[in-house]
Amino acid sequence: MIMLEKITEIIREYKGDNSIVVNNETVIKDDLGMTSFDLIQLACSVEDEFDIEIPDRAIKDFKTIADVVSFIEEQ
């Protein structure tokens with residue numbers, strides 16, 4: 001759950017909206033209104049926060065928050 005909280009914090013900071021609520025089923029582009037560029041920026045922030053590297057091909061597979069969490073857990 002801590003990972004989800006960190007990702008939520010990253011999204012809130014990026015979007016400038018502390019009221020954003022996300023869960024594992026949140027669809028990044030549809031529910032959060034994020035573009036492909038936003039997704040890349042999100043991935044960069046996640047890389048910095050969790051000290052990992054996310055290849056471009058993996059970023060393209062991120063549809064939901066659960067996809068992001070799963071990727072991080074595999075690292």
Side-chain angles (χ1 to χ4, degrees):
M1 190 58 137
I2 301 277
M3 193 175 308
L4 181 60
E5 291 171 9
K6 281 289 189 189
I7 292 170
T8 301
E9 183 179 304
I10 290 168
I11 292 169
R12 286 177 177 170
E13 185 175 318
Y14 179 77
K15 299 283 279 183
D17 183 350
N18 286 331
S19 67
I20 293 174
V21 177
V22 300
N23 58 45
N24 284 325
E25 291 78 35
T26 300
V27 178
I28 297 168
K29 288 187 177 181
D30 295 341
D31 295 337
L32 299 175
M34 298 183 91
T35 65
S36 295
F37 177 78
D38 293 328
L39 188 53
I40 292 168
Q41 295 298 110
L42 174 64
C44 289
S45 296
V46 168
E47 286 177 328
D48 291 344
E49 179 67 34
F50 294 99
D51 195 28
I52 60 172
E53 187 171 325
I54 305 173
D56 290 344
R57 70 185 189 307
I59 295 171
K60 292 176 184 176
D61 293 336
F62 293 162
K63 306 295 184 228
T64 66
I65 297 299
D67 296 334
V68 179
V69 170
S70 293
F71 180 87
I72 295 167
E73 288 175 341
E74 291 172 4
Q75 301 308 302

When rounded to the nearest 0.5 angstrom, what is the spacing between CD1 in Ile11 and CG in Asp31? 10.5 Å

Minimum heavy-atom distance between Asp38 and Gly33, given as atom pair plus value: OD2-O, 4.1 Å

Between Phe37 and Leu32, is there a shared hydrophobic cluster once you connect ILVMFWY residues whose side-chain heavy atoms come closer than 4.5 Å? yes

So CZ of Arg12 and CG of Asn18: to nearest 0.5 Å the spacing works out to 6.5 Å

How long is the straight-line distance from CG of Asp61 back to OG of Ser70, given to the nearest 0.5 Å? 11.5 Å

With side chains defined as the heavy atoms from C-beta onward, is the minimum distance between Leu4 and Ile65 less than 4.5 Å? yes

Could you state the interatomic distance from CD1 (Ile72) to CD1 (Ile52), rounded to the nearest 0.5 Å? 5.0 Å

Does Val69 reach the side chain of Asn24, with side-chain heavy atoms less than 4.5 Å apart? yes

Nearest non-hydrogen partners of Glu47 and Ile54, listed with the distance: OE2-N, 2.6 Å

When you look at Thr64 and Thr26, which way does the side-chain contact (heavy atoms from CB on, under 4.5 Å) test go after all the steps? CA-CA 5 Å; Thr64 66; Thr26 300; over 6 Å; no

Glu49 atom CD: more than 12 heavy-atom contacts under 6.0 Å: yes

Which pairs, with at least one residue in residues 50-59 and sequence neighbours excluded, count as a side-chain hydrogen bond (donor to acceptor under 3.5 Å, both in side chains)? none

Between atom OG of Ser36 and atom CD1 of Ile28, what is the distance when rounded to the nearest 0.5 Å? 11.0 Å

Rounded to the nearest 0.5 Å, what separates atom NZ in Lys63 from atom CG in Leu39? 8.0 Å

Could you check whether any side-chain heavy atom of Leu42 comes within less than 4.5 Å of a side-chain heavy atom of Tyr14, counting everything from C-beta outward? no

With heavy-atom distances below 4.5 Å as the criterion, would you say the side chains of Ile7 and Phe50 are in contact? yes

Tell me, which pairs form a salt bridge (charged side-chain N to carboxylate O under 4.0 Å, His left out) where one or both residues lie in residues 65-75, sequence neighbours left out? none

